[in-house]
Amino acid sequence: MGLLDDLENEAQRRKAEADRAVEVKTERESAYRTILEPAMGKLRAYLTELVEKIKVLQPKIAIRHEIAGYGDVVAYVEHEYELRDARQPSSLELTLSFAATVASSECPAVTVEGAARVRAVANLFQRHRLGGPLAERKDNSGEMAGAVFKAKGKIPLAANFMADAASGQLRITFTNFDDFGSVTKNVPPERVDDALFDEIGRYLMRDPNSLLREALPDDYRSQLKAKVHEQTVKRRWEATIDSRQQEDLAMLKHEHGFGASLNKLGDAMGKLKGLVQRKPAG
């Protein structure tokens, strides 16, 4: 094949790609106009009716999130809901917002030891607006030695539903439901129906549902399980190392004061290094 043939083939390939892009764009716009746009109206009606019934029944809906270094934060949904919609020429968006009040009496009061760990938990509490430490304890040198934490406040929750002609799909985003943070699911237009709405309702009420459940291969599930175990062991040893480090430093300060020699400090760090290099038991 000569140069002209190569150029002709490349031109044909690019034209085919351009034609396919136009075809995909047309398909997505058609799906939005004929399926998604009407379905969003039905979803709005469904959410409106759902909220009205929940307000009457006042079910006790619990939200449980784990804070690393603290434990479980337990909250209960307040039945004050706000449903907003936003319409653009080629998109529709629905947002259902409400909150859950932290049940402080059901949350642990945890004493966190060590300056680094106190700062880490305090930062997480601040990020999620769960209050600050109830009590802080400093050592003789004035450094942070520990603090007591007990969760309080409110957890904002939001369910966002976005349909647009550009994607030709329904994008669902839930914030602070299963954990602190957001999770997103894209739904093709042919699956946006009454069955999906029912799954959404069950998810919002924390009833058993399969809305975000994905079928994972067995080998991948095994990898995830092994990874979780590995992270658990790692956290356990990190806590042990941190505690050992605090003990060694406290001992140095007690025995030698602030003017401890570098040799003594080096010996303590050497012991700590030896602890880290040991293979942790599973």
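All values below come from the heavy atoms of this structure, side chains included, with hydrogens, waters and symmetry mates left out. No experiment lies behind these values; they were computed from the predicted model shown.
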task: Take Leu83 and Thr95, measure what side-chain contact (heavy atoms from CB on, under 4.5 Å) needs, and give me the verdict at the end.
output: CA-CA 6 Å; Leu83 181 59; Thr95 302; over 6 Å; no
- prompt: Are side-chain heavy atoms of Pro108 and Asp72 found at a separation under 4.5 Å?
  reply: no
- prompt: Knowing that exactly one of His65, Arg129, His128 qualifies, which makes a side chain to side chain contact (heavy atoms under 4.5 Å, CB included) with Ile155?
  reply: His65
- prompt: At their closest point, which heavy atom of Val102 faces which heavy atom of Cys107, and how far apart are they?
  reply: CG1-SG, 3.8 Å
- prompt: So, do Ser91 and Met162 sit near enough that their side-chain heavy atoms are less than 4.5 Å apart?
  reply: yes
query: Got a salt bridge between Arg117 and Glu113, using NZ or NE/NH1/NH2 to carboxylate O under 4.0 Å?
result: no
- request: Say whether, by atom type as modelled, one donor and one acceptor occur between the side chain of Asn209 and the main chain of Asp207 under 3.5 angstrom.
  value: yes
statement: Output for pair (Leu36 CG, Arg28 CZ), nearest 0.5 Å, gives 11.5 Å
- prompt: Do Thr173 and Thr184 get their side chains close enough for a donor-acceptor pair, meaning under 3.5 Å?
  reply: yes
Check: Leu43 and Val192 side chains under 4.5 Å, non-hydrogen atoms: no
message: Before we go on, tell me: are the rings of Tyr81 and Phe98 under 6.0 Å apart, centre to centre?
response: yes
task: Would you indicate whether the side-chain heavy atoms of Arg202 and Pro208 approach each other to under 4.5 Å?
output: no
- prompt: Would Thr101 and Glu78 count as having a side-chain donor-acceptor pair, cut-off 3.5 Å?
  reply: yes
message: Would you compute the distance between atom CG of Leu47 and atom CD of Glu52 and round it to the nearest 0.5 angstrom?
response: 11.0 Å
- request: Measure across Ser104 and Ala151 and return the closest heavy-atom pair with its distance rounded to 0.1 Å.
  value: OG-O, 2.7 Å
task: Run the numbers on Glu17 and Arg14 for salt bridge (Lys or Arg N to Asp or Glu O under 4.0 Å), then give the verdict.
output: CA-CA 5 Å; Glu17 288 182 352; Arg14 293 189 181 186; over 6 Å; no
message: Is any side-chain heavy atom of Phe149 closer than 4.5 Å to one of Leu134?
response: no
field: cation_pi(Arg206, Tyr203) dist<6.0 Å, angle<=45
entry: yes
- prompt: If you group Ile, Leu, Val, Met, Phe, Trp and Tyr by side-chain heavy-atom gaps below 4.5 Å, do Leu124 and Val148 land in one group?
  reply: no
task: State plainly whether the residues Arg84 and Glu82 are in salt-bridge range, i.e. N to O under 4.0 Å.
output: yes
task: Could you walk me through whether Asn160 and Leu94 pass side-chain contact (heavy atoms from CB on, under 4.5 Å), step by step?
output: CA-CA 6 Å; Asn160 180 268; Leu94 295 172; over 6 Å; no
- request: Can you tell me which residue pairs pass the side-chain hydrogen bond (donor to acceptor under 3.5 Å, both in side chains) test with a partner in residues 30-39, sequence neighbours excluded?
  value: Glu37-Arg87
message: Pair Phe174, Leu211 - check side-chain contact (heavy atoms from CB on, under 4.5 Å), show working.
response: CA-CA 11 Å; Phe174 294 109; Leu211 183 63; 3.5 Å; yes
- prompt: Does any non-hydrogen side-chain atom of Asn186 lie less than 4.5 Å from one of Ile172?
  reply: no
query: Checking side-chain contact (heavy atoms from CB on, under 4.5 Å) for the pair Leu212/Asp178: CA distance, chi angles, key distance, verdict?
result: CA-CA 10 Å; Leu212 300 180; Asp178 293 314; 3.9 Å; yes
message: Measuring from atom CD of Glu190 to atom CD of Gln169, what distance do you get when rounded to the nearest 0.5 angstrom?
response: 8.5 Å
query: Would a hydrophobic clustering, with Ile, Leu, Val, Met, Phe, Trp and Tyr connected at side-chain separations under 4.5 Å, put Ile35 with Tyr46?
result: no
- prompt: Is any side-chain heavy atom of Ile200 less than 4.5 Å from a side-chain heavy atom of Phe161?
  reply: yes
query: What are the two closest non-hydrogen atoms of Gly168 and Pro189, and how far apart are they?
result: O-CD, 3.2 Å
Approximate separation, where rounding is to 0.5 Å, of Asp198 CG and Asp194 CG: 9.0 Å
query: Any sub-3.5 Å donor-acceptor pair from Lys60's side-chain atoms to Tyr76's backbone N or O?
result: no
query: From Glu27 CD over to Arg20 CZ, what is the distance, rounded to the nearest 0.5 angstrom?
result: 5.0 Å
message: Membership question, hydrophobic clusters at under 4.5 Å side-chain separation (ILVMFWY): are Phe180 and Val121 in the same one?
response: yes
query: Under a 4.5 Å cut-off applied to non-hydrogen side-chain atoms, are Leu96 and Leu204 in contact?
result: yes
task: Please answer whether the main-chain N or O of His79 pairs with a side-chain N or O of Lys55 as donor and acceptor at a distance below 3.5 Å.
output: no
message: Return the CE to CD1 distance between Met205 and Ile61, rounded to the nearest 0.5 Å.
response: 4.5 Å
- prompt: Nearest heavy-atom pair of Ile63 and Asn176: which atoms, and what distance?
  reply: CG2-O, 4.1 Å
- prompt: For Lys150, does the NZ atom have more than 12 heavy-atom neighbours from other residues, nucleotides or ligands under 6.0 Å away?
  reply: yes
